[in-house]
Amino acid sequence: MTIQLYNTLTRKKEEFVPVTEGEVKMYVCGPTVYNYIHIGNARPVIVFDTVRRYLEYRGYNVKFVSNFTDVDDKIIKAANELGEEVPELTERFIQAYFEDVGALGCKKADMHPRVTDHIQDVIDFISLLVEKEYAYESDGDVYFRTRKFDGYGKLSHQSIDELKVGARIQASERKQDALDFVLWKAAKEGEISWSSPWGEGRPGWHIECSVMARQLLGDTIDIHAGGQDLTFPHHENEIAQSEALTGKTFARYWMHNGYINIDNEKMSKSLGNFVLVHDIIQQIDPQVLRFFMLSVHYSSPVNFSQDLVESAANGLDRIRTAYQNVEHRLAVSADNGDQHDIWLHKIQQQQTAFEEAMDDDFNTANGIAVIFELARLANVYLLEKNTEKVVLEAFLNTFNQLMSVLGLPFKEKEELQDEAIDRLIEERLEARKNRDFARADAIRDELKEQGILLEDTAQGVRWKRS
RNA sequence: GGCGGCAUAGCCAAGCGGUAAGGCACGGGUCUGCAACACCCUUACCACCGGUUCGAUUCCGGUUGCCGCCUCCA
């Protein structure tokens, strides 16, 4: 069985075959760090973290690189407004980024390169393009000669002549052709800058990804990913720069995630409806946010609203509860017997179903459906009087494996550390034995106030936090 | 103008040639001292109109309605 994935380049689902067997080189375009990230920025991070996790689950050795754009117009503007130096500002938001996506369960990439650490590489890269006459200097700027690159438009499936009539293309006196894009920008007075053969300046936006991907992963990478909007022009330009230089395929598979809407409206600065991860995770369990995003296929748009997140929270709760209930049974009453084969088989079937879902273009929505089925099976199993240790353990193990792929690990089993609560639970047990239900219910209510929910089962009292 | 996406139950969302997974919410039942957890049951003319096919939610064409991209927005 192989993984199929939708490749923006070919507009088809293709079998995934990495250049080197067993190894995946993956590059995901990261944020421009001039503010806290919003949930729209978080989607690709979550989605491609999950892709990476699944590839690893599948046994691939994944080299995962995600960059920071730490110098550009917006950053310079923000730094000016805040009266802060650029490096200071970017460092601050890079740390905030790690905190935010860490909370969302995203692993760190193997490398998080920053443009400003690769200035010389950028200059070398551009110099080679100039040598090959794919680029030219003009008044301190350096531009890419778009028309000279044959495949331009192959990713976004735009014909170069249609682009010409596009609404927003702006001619510039410095450009030879309106379609050319900037590789190196001459510095304006007082701007942060580096010396180059073309004078003081800084890298253009697109060049950094080409440079760092090549530097860290080589001429040809397996998967290049990012938000849908990056398809054009960003990724199109990356292809042009890289392939013009190396003459080799830059990236074999291109993956793009869909957008997030807020209450059915596009999230945008001008509407003022963007939601910062930093803020929202104060109110919403970050795992719920992640679960919510993964309940939709990554390429579809997803709508964000209070109601939708709440219903996702309820769903995740159901899975967590099932898990805890199995844990409880294992701790309290696990038998040995010989009735386990059929159940072990059912559990195995779910794992296979999960893999089939994920093999199909990382269909996390279907993967989650399988986990719900696993939860249902676990609950049904717990209805049995005699439950076997091997089966209970198999449930836990499978839950753990599948949820780890989604980056949604279960919390460690908690021991009640509070003696007062312990005593109340004991007292309630006694009260129930004496059929003093008024007292028993009073205790249950009291604990509920404290966020401890009690559940009576045939195997004793079970508790969980609300 | 060009390129593309989407329209499936009250809501969310899979499926993409053999008359519809899953979740949330609602209702009914079972379990429980009562609850909770849970289990079972119930709930869909798959936007509209044509066509292809033995058969279409799934393919093709058209219509309507949303949405994205077309040089620096994830």
Could you list all N or O pairs between the protein and nucleotides 13-15 of chain B that sit under 3.5 Å apart?
from	atom 1	to	atom 2	distance (Å)
rA14(B)	OP1	H297(A)	N	2.9
rA14(B)	O3'	N363(A)	ND2	3.2
rA14(B)	O2'	N366(A)	OD1	2.0
rA14(B)	O2'	N366(A)	ND2	2.5
rG15(B)	OP1	N363(A)	ND2	3.0

Row check, Y6(A) ring normal vs K13(A) NZ/CZ: under 6.0 Å, within 45°: no
P atom, rG22(B) versus rC41(B): distance in rounded Å?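 Pairwise P distance, rG22(B) against rC41(B), rounds to 10 Å.
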I'd like a table of atom pairs between the protein and nucleotides 65-67 of chain B - only N or O on both sides, under 3.5 Å - with the distance next to each one.
none

Protein-nucleic acid N or O pairs under 3.5 Å, nucleotides 32-34 of chain B:
from	atom 1	to	atom 2	distance (Å)
rG33(B)	O6	R432(A)	NE	3.3
rG33(B)	N1	D441(A)	OD1	2.9
rG33(B)	N2	D441(A)	OD2	2.6
rC34(B)	O2	R444(A)	NH2	2.7
rC34(B)	N3	R444(A)	NH1	3.0
rC34(B)	N3	R444(A)	NH2	3.1
rC34(B)	N4	D456(A)	OD2	3.3

Categorize K433(A) for me: base, sugar-phosphate, or nothing, with a 4.0 angstrom heavy-atom threshold over every strand shown. nothing
Mind checking L230(A) for me? I need base, sugar-phosphate or nothing, with any heavy atom below 4.0 Å counting as a touch.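 If one applies the 4.0 Å heavy-atom cut-off, L230(A) turns out to touch the sugar-phosphate alone, with no base involved.
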For rC24(B), does OP1 or OP2 lie under 4.0 Å from any side-chain N or O of N314(A)? no
Considering just the side-chain nitrogens and oxygens of K74(A), establish if one lies under 4.0 Å of OP1 or OP2 belonging to rC73(B).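 K74(A) to rC73(B) OP1/OP2: side-chain N or O found under 4.0 Å.
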Check this for me, if you would: do D177(A) and R145(A) make a salt bridge, where the nitrogen-to-carboxylate-oxygen distance has to be below 4.0 angstrom? no
Whom does rU42(B) pair with, Watson-Crick or G-U wobble, provided both distances fall under 3.5 Å? none
Give none if rC24(B) has no partner; otherwise give the nucleotide forming a Watson-Crick or G-U wobble pair with it, both distances under 3.5 Å. rG10(B)
Going by heavy atoms in the side chains, are H38(A) and M267(A) under 4.5 Å from each other? yes
